[in-house]
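Single-structure report; data block below.
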Amino acid sequence: MTDVSSTKDADRANHKITSLRAELELLEKRRKKWQYAWVNEMLTDEDFTKRMNEENLKEEEIKKQLSSLQPINEKMSPNEMIEVLNNVRENWEHMDSLKKKMLLQMLVQRIDLDKVEIGRLLRV
C-alpha cells in the first residue's frame with residue numbers, strides 16, 4: 001500500500017512541477033509582449049513598469065512553489081548514477097540554486113552530525 005500512495009504523491013508532485021514550469025514559460029512570453037508593446041509606444045513607461053512588477057511578483061511566487069516541492073527520484077541504473085556523480089563537480093558551478101537543491105535532495109536522505117569534544121564523542 002505504501003508504494004501506491006507514494007506513486008500517487010510522486011505523480012501529483014510531477015504534475016505540479018510540470019504545471020509550474022509551464023506557467024513560467026507563459027509568464028516569460030507575456031513579459032516579452034509587454035516589452036514589445038512598450039517599445040512600440042503602446043504602453044506608457046508607468047504602465048510598463050507596473051506590468052513588469054506584477055510579472056516579477058508572479059515569477060517569484062512560482063519559483064518559491066517550485067523550490068518547495070520535493071523532487072521525485074526516478075530509478076537510475078548504478079552506472080547512470082556513477083556517471084551523474086562524476087559530473088557533479090564539473091557542472092556544479094553552472095547549475096542554478098534550484099537544480100543544486102534538487103540534486104542534493106535526490107542524493108541525501110539524512111545528515112547525522114557527530115560533535116567531537118575533547119576526550120568524548122557526542123551524537124547530535
- Task: Please confirm whether the backbone N or O of His94 pairs with a side-chain atom of Asn91, one donor and one acceptor, at under 3.5 Å?
- Result: no
- Going from CD on Glu54 to CD on Glu59, what distance comes out if it is rounded to the nearest 0.5 angstrom? 14.0 Å
- Same cluster for Leu26 and Leu24 if Ile/Leu/Val/Met/Phe/Trp/Tyr side chains link at under 4.5 Å? no
- Query: Do Leu104 and Val88 belong together in a cluster built from hydrophobic side chains that touch within less than 4.5 Å?
  - Reply: yes
- Task: Apply the test side-chain contact (heavy atoms from CB on, under 4.5 Å) to residues Asp47 and Trp38: give CA-CA distance (whole Å), side-chain angles for both, the deciding distance (0.1 Å), then the verdict.
- Result: CA-CA 9 Å; Asp47 284 338; Trp38 178 67; over 6 Å; no
- Any donor-acceptor N/O pair, Asn53 side chain to Thr49 backbone, under 3.5 Å: yes
- Task: Report the C-alpha separation of Arg30 and Lys58 in whole Å, then their side-chain angles, then the decisive distance to 0.1 Å, and conclude whether the side-chain contact (heavy atoms from CB on, under 4.5 Å) test is met.
- Result: CA-CA 12 Å; Arg30 271 196 318 270; Lys58 289 177 190 175; 3.9 Å; yes
- Message: So for atom NZ, which belongs to Lys100, do other residues, nucleotides or ligands contribute more than 12 heavy atoms lying within a distance under 6.0 Å?
- Response: yes
- Message: With rounding to the nearest 0.5 angstrom, report the CD to CG distance, Glu23 to Leu66.
- Response: 9.0 Å
- Which value, rounded to the nearest 0.5 Å, describes the distance between Leu57 atom CG and Leu27 atom CG? 10.5 Å
- Query: Is a side-chain donor or acceptor of Asn40 paired with a backbone partner of Met42 at a separation under 3.5 angstrom?
  - Reply: no
- Mind checking what makes salt bridge (Lys or Arg N to Asp or Glu O under 4.0 Å) contact with Glu28, not counting sequence neighbours? Arg31
- Item | Gap between atom CE of Met102 and atom CE of Met95 - 0.5 Å precision | 9.5 Å
- Item | Distance (rounded to the nearest 0.5 Å) between Leu113 CG and Ile111 CD1 | 7.0 Å
- Query: When rounded to the nearest 0.5 angstrom, what distance separates CG in Leu98 from NZ in Lys64?
  - Reply: 14.5 Å
- Should Asn87 and Glu90 be marked as a side-chain contact (heavy atoms from CB on, under 4.5 Å) after you check the CA-CA gap, both sets of side-chain angles, and the distance that decides it? CA-CA 5 Å; Asn87 292 326; Glu90 295 172 22; 4.1 Å; yes
- With side-chain contact (heavy atoms from CB on, under 4.5 Å) as the test, would you mind laying out the steps for Asn86 and Glu83 before giving the verdict? CA-CA 5 Å; Asn86 285 332; Glu83 184 178 338; 5.7 Å; no
